[in-house]
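Structure record follows, encoded as C-alpha cells.
These figures come from a predicted structure and were not determined experimentally. Throughout, a chain's letter reflects where its sequence line sits, starting with A, and its residues are numbered from 1.
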Protein chains: 2
Amino acid sequence: MTTQRKTYHHGSLRQALIDAALAIAREDGVDQVTVREAGKRAGVSSGAPFRHFPTKTALMTAVAEEAMRRFRARISVELDKAERLDPLSRFRALGIAYLRWVIDNPTHFEIISMRRAIDFDASETLVGLNEEIRNLMVRMLEDARAAGQLRKADIEGVPLQARALVYGLARMWIDGQFAQWGGAEKAESLMQQSLDDFLALLAK
Amino acid sequence: MTTQRKTYHHGSLRQALIDAALAIAREDGVDQVTVREAGKRAGVSSGAPFRHFPTKTALMTAVAEEAMRRFRARISVELDKAERLDPLSRFRALGIAYLRWVIDNPTHFEIISMRRAIDFDASETLVGLNEEIRNLMVRMLEDARAAGQLRKADIEGVPLQARALVYGLARMWIDGQFAQWGGAEKAESLMQQSLDDFLALLAK
DNA sequence: GATTTATGTAAGTAGTGATTACATAATCTG
DNA sequence: CAGATTATGTAATCACTACTTACATAAATC
C-alpha cells in the first residue's frame, strides 16, 4: 500500500485509514491492526490519524461501520435474487447470505461483533443496519407463517432461536471451531445443512 | 489482593498468577488482564511471571484451563442432579447448566473461547474437556432417540445444530446483544425459553 | 556445609495508544 | 488577490505493555 503523496495534505486520509485497517485485519488479523500501521499504509505519520479519529476505538468503529455496510449490501443483493421465492426460502437465502459473508470476511465480521472494542451503541449506522437485518429475519418468518408454511402458529421465540443459530454458526467459524472439519467449503456445507435442518423442523 | 510475602520465594506463584488473572478478568474485563498487573496482585515484580509463563499467551492458556475445569465441574454437578430424569430432560439440564455458567462467568467463558489469544489446540486439558462436553451432548441426544423421545429418527445434524444454538446464545450474551432486554435474569429466561422451544421442535 | 538449581529483582528494549508544539497547505475574507 | 484563518499534517514525547537480560537470593541436593 503506502500510497505516495505529492501534496502535504492527503486529501482523503479518513477513508484511506479505514481501508488500510480493513486490509490489515484481512491480511494479518484483527489484533494486528494498529493506528500506526494504518497510518503507514496511508503514507502518513503516526500522529496524523488522530486528527481524524480521537481514539483507536473511534477508528475501529468507523471500520465496523464500513464492514457493516458491505455486509448489509451483500444481503440485499442475495435477497433480491430470491425475490420470487416463497417466504421460508427467502428466509433461508438470508441465512445463507449471512453465513457466506462471514466465511468470506471472517475478520470483518469479527470487528462488527467486537462490541467492547468499538462504540457499537453510539453508532447510528451500526445500530440501524443491525436492526434492519434483524427486522428482515423477523418479517420473513412472519410471512412464512402467514403463508401457512410453518408447523406451529406460535412463532414467539423463533426469531431469537434463528438468530442464535446463525450467530452461533458464524462465531464457531470465527473462533476456529470448524477447523478440524476442513476448510471453508466444508464449513459452508455444514452450516447450510444445519440451517436446512432447522427449517425442516419449523416447516409443515 | 497484593498478597504479602515473608519469604523471598512466593511458594505458589504460578497458581497465584492464574487466580489473579481470573480476578482481573472478572472485575475489569478480559483485556484489562496484563502480566504486570497479575504479578502485582501476587506481590511480585513485573518480570517474575515470566519464570512461570514464557509468554502472555501461555498464562492466558493456563487461565483458560482453570476456567474450563470449573466450567466442566459445574456441568457435572448439574448433570448429577438430573441423573434420574429422561434423556431429553438431561440434555436440557446440560444446556441450562452451560448457559447459566456463562451468565455467571462471562469473562471466563470469553477466555475459553478466545482461541486466537490462547494455545487452545496445544492444550490437552482444553481440547479434552471441550471434547467431553461435546460428547455428553451427543450421547444424550442419542439416548433420547433410543428412548423414542424424538420426532425424527435421523439425528445426523442435530448435535451441531444444538451446539450452535447454545454457543450462539452464550456469545450473544458475551457480546452484549442481550443488553437491551434487561439484566442477567431476563437473559437467562430468554435463553431457557429458546432452548425449550428447540427441544419442543425436536420432541415427539 | 558447599554447590547447584529454581525463582525472584532491577533495569532496559521495542512497540503501542495518545498528546503536544509546531509546520504547512487549503480556504475564507476583505 | 493578499493576508488571515483554519484544517491537516509532522516530530518529539509520554505512559504503558510484553518481553529480555544480568544479577541476587533462597531451596534442594550432594
Donor-acceptor list for residues 30-39 of chain A side chains, cut-off 3.5 Å, not counting sequence neighbours:
| unit_1 | atom_1 | unit_2 | atom_2 | d |
| --- | --- | --- | --- | --- |
| Thr34(A) | OG1 | Glu37(A) | N | 3.0 |

Name the atoms and distances for all side-chain donor-acceptor pairs under 3.5 Å in residues 190-197 of chain B, with sequence neighbours left out.
| unit_1 | atom_1 | unit_2 | atom_2 | d |
| --- | --- | --- | --- | --- |
| Gln193(B) | NE2 | Asp197(B) | OD1 | 3.1 |
| Asp196(B) | OD1 | Arg92(B) | NE | 2.5 |
| Asp196(B) | OD2 | Arg92(B) | NH2 | 3.2 |

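Under the ring-ring contact (aromatic ring centres under 6.0 Å, His included) criterion, Trp173(B) pairs with no residue at all, not counting sequence neighbours. Looking at residues two or more places apart in sequence or on another chain, you find a ring-ring contact (aromatic ring centres under 6.0 Å, His included) between Phe178(B) and Trp181(B).
Rounded to an integer number of Å, the gap from Phe53(A) CZ to dG9(D) P is 11 Å. Arg14(A) places its CZ atom 17 Å from the C1' atom of dG9(D), with the value rounded to the nearest Å. For the pair Leu17(A) CG and dT8(D) C1', the interatomic distance rounds to 12 Å; values are reported in whole Å. Atom CE of Met60(B) is separated from atom C1' of dT17(D) by 14 Å (rounded to the nearest Å). What separates CD of Glu37(A) from C1' of dG17(C) is a distance of 15 Å, to the nearest Å. Note: CD (Gln32(B)) to P (dT16(C)) measures 19 Å, nearest angstrom. With rounding to whole Å, Lys40(A) atom NZ is found 13 Å from dG17(C) atom P. Note: NZ (Lys56(B)) to P (dT17(D)) measures 9 Å, nearest angstrom.
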Please write out the pairs of protein N or O atoms and N or O atoms of nucleotides 19-22 of chain C separated by less than 3.5 Å, giving the distance to one decimal.
| unit_1 | atom_1 | unit_2 | atom_2 | d |
| --- | --- | --- | --- | --- |
| dA21(C) | N6 | Arg51(A) | NH2 | 3.3 |

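Residue Arg36(A) places a side-chain atom within donor-acceptor reach of the base of dG17(C), judged by atom type and a 3.5 Å distance cut-off alone.
In the set dG9(D), dT9(C), dG17(C), dT9(C) carries the atom at the smallest distance from any side-chain atom of Ala48(B).
Note on Glu27(B) versus Arg41(B): salt bridge recorded, some NZ/NE/NH1/NH2 to OD/OE distance being below 4.0 Å.
The residue among Val35(A) and Leu13(B) whose nearest nucleotide of DNA chain C lies closer to the 5′ end is Leu13(B).
Listed pair His52(B) / dG8(C) meets the phosphate criterion, a side-chain N or O lying under 4.0 Å from OP1 or OP2.
Sorted by first and then second residue, the salt bridge (Lys or Arg N to Asp or Glu O under 4.0 Å) pairs involving residues 133-147 of chain A (not counting sequence neighbours) are Glu131(A)-Arg134(A).
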Could you go through Tyr167(A) and Tyr167(B), starting from their C-alpha distance and side-chain angles, then the distance that decides it, and tell me whether this counts as ring pair (Phe, Tyr, Trp, His ring centres under 6.0 Å)?
CA-CA 9 Å; Tyr167(A) 191 73; Tyr167(B) 191 74; 9.0 Å; no
